[in-house]
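Presented below is the structure to which this report refers.
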Amino acid sequence: MTDQGRIDGRTKLIGLTATPIGHSLSPAMHNMSFRELGLNYVYMAFEVDNKQLEDVVTGFRALNLRGFNVSMPNKTKILPLLDELTDGARFAGAVNTVLNDNGKLIAYNTDGIGYFRSLKENHIDVKGKKITLLGAGGAATAIAIQAALEGVKEISIFNRDDEYFNRAENNTVIINEKMEGDCIANVYRLEDKETLKEEIAASDILTNATGVGMKPLEGQALVPDPSWLRPELIVSDVVYIPRKTKLLEMAESVGCQAINGLGMMLWQGAAAFELWTGQEMPVEYVKNQMF
Ligand code: NAD
């Protein structure tokens, strides 16, 4: 069925706010899923900077959108404009999905949820495990907070000495002092290679949540040598272009299970889709169509 035939007087609108927006895969992913399941929804991207955000949210409320995704630079700025924050959004201080529940706008962060659903799809149970996490930006923060919510036992966060290091410290304070549960978070400087090596050796999972490995840093990895890895270690990367980063190549060379960021991207969308429609996204269909 074409979109033209599908859209009628009852079609529900799902939005996306961000700028720049044109590169986003979300409109294609959601619209092909609505079509495949015969759901009367349409997903539209809107170029929105932070100055326009309040008006846009007011407009979305007035038009009674079923929900929307939020991307950069709006993910943090939108927090005070929403009615209710789930733990993932509140503790990460960022929102990527909003559900309109009878006029109440509820904020979620499905980036972290998507990352852990991707691990689950790869038969990995993270309860009681130790993770070494590289990075403290948007993706890393969502993963760190969701790790604590998922029952991870310990998380060691490494960030280089840049403007994100404070955020790494802040994320550990949130996990250790503000969140319920037993997860312990530690923070280290990425420049401290000896500690990085020790923490990787003591971990079940190593996660790269920095852009190192994708353009313009393609071919680079924050782990200097495959000898730092061992076959039992699970190595994952949030990067999905290229599908196999230098880190994942190194991981495979020593026999580790290696997981790229494609699953995180798909499953963050699937989690949002489920919130809006109450139905599961046809993930296999989307994978076949898009990748
Ligand atoms: P960000 O700008 O918020 O954070 C960047 C992080 O990378 C910081 O921790 C920074 O210190 C670190 N960093 C940057 N350059 C570095 C270098 N040369 N050496 C060491 N550390 C470095 O970015 P973000 O939004 O968190 O995105 C990070 C990566 O995650 C990007 O590659 C992005 O494409 C990817 N991502 C993937 C998904 C997914 O669904 N798979 C979702 C979001 C982001």
Side-chain angles (χ1 to χ4, degrees), residues 16 18-20 23-26 28-30 69-77 88-89 92-97 108-119 121-122 132-147 155-172 185 187-193 196 206-224 235-248 258-273 281 283 286-287 290-291:
L16 163 64
T19 185
H23 65 282
S24 174
L25 299 176
S26 294
M29 176 164 72
H30 287 288
N69 277 137
V70 184
S71 197
M72 292 309 285
N74 310 142
K75 282 183 162 185
T76 306
K77 197 78 181 174
V95 175
N96 81 325
T97 299
Y108 292 81
N109 190 322
T110 68
D111 285 331
I113 294 171
Y115 174 78
F116 284 97
R117 274 177 74 164
S118 163
L119 293 191
E121 194 196 17
N122 283 284
T132 290
L133 176 66
L134 310 177
T141 296
I143 291 171
I145 297 304
Q146 192 64 30
I155 175 161
S156 290
I157 300 171
F158 286 80
N159 207 87
R160 70 176 178 177
D161 191 8
D162 66 8
E163 70 273 23
Y164 290 92
F165 190 78
N166 284 346
R167 199 152 168 207
E169 290 181 313
N170 193 40
N171 289 346
T172 59
V187 60
Y188 305 102
R189 291 195 190 276
L190 191 59
E191 290 79 5
D192 180 357
K193 294 294 181 202
L196 177 60
L206 167 65
T207 304
N208 174 52
T210 74
V212 177
M214 75 178 281
K215 280 198 174 100
L217 304 172
E218 196 168 340
Q220 297 184 31
L222 294 176
V223 172
V235 180
S236 78
D237 207 318
V238 297
V239 173
Y240 55 89
I241 302 169
R243 299 280 187 274
K244 210 177 277 183
T245 57
K246 175 82 188 300
L247 177 66
L248 295 186
I259 299 161
N260 68 24
L262 210 50
M264 175 179 177
M265 202 275 289
L266 274 169
W267 287 105
Q268 64 74 29
F273 187 93
M281 179 183 265
V283 169
V286 172
K287 268 191 211 167
M290 290 183 70
F291 306 108

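The model shown is predicted, which means the values in this text are computed figures rather than measured ones. Both counts, for ligands and for their atoms, begin at 1 and track the order of listing.
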Checklist entry - Would you say the side chains of Asp237 and Thr245 form a donor-acceptor pair under 3.5 Å? => result yes
Next on the checklist: Does any part of the side chain of Leu25, heavy atoms only, come nearer than 4.5 Å to the side chain of Phe291, both counted from C-beta?
Outcome noted: yes
Next on the checklist: Are Leu196 and Thr132 packed together at the side-chain level, in the sense that at least one heavy-atom pair is separated by less than 4.5 angstrom?
Outcome noted: yes
Next on the checklist: As an exercise, state the distance from CD of Gln146 to OG1 of Thr110, rounded to the nearest 0.5 Å.
Outcome noted: 9.5 Å
Item to check | Flag if over 12 foreign heavy atoms under 6.0 Å of NZ, Lys193 | outcome: yes
Could you go through ligand 1 and list every pair where one of its N or O atoms sits under 3.5 Å from a protein N or O, giving the atom names and the distance to one decimal?
from, atom 1, to, atom 2, distance (Å)
ligand 1, 2 (O), Tyr164, OH, 2.8
ligand 1, 3 (O), Gly138, N, 2.9
ligand 1, 9 (O), Ala136, N, 2.9
ligand 1, 9 (O), Gly137, N, 3.4
ligand 1, 9 (O), Asn159, OD1, 2.7
ligand 1, 11 (O), Asn159, OD1, 3.4
ligand 1, 11 (O), Asn159, ND2, 3.0
ligand 1, 11 (O), Asp162, OD1, 3.4
ligand 1, 11 (O), Asp162, OD2, 2.6
ligand 1, 15 (N), Arg160, NH2, 3.4
ligand 1, 18 (N), Arg160, NH1, 3.2
ligand 1, 26 (O), Gly138, N, 3.1
ligand 1, 26 (O), Ala139, N, 2.8
ligand 1, 40 (O), Met265, N, 3.2
ligand 1, 41 (N), Val238, O, 2.9
ligand 1, 41 (N), Gly261, O, 2.9

Next on the checklist: I need the single residue from Leu190, Leu133, Thr210, Leu222 that forms a side chain to side chain contact (heavy atoms under 4.5 Å, CB included) with Phe158. Which is it?
Outcome noted: Leu190
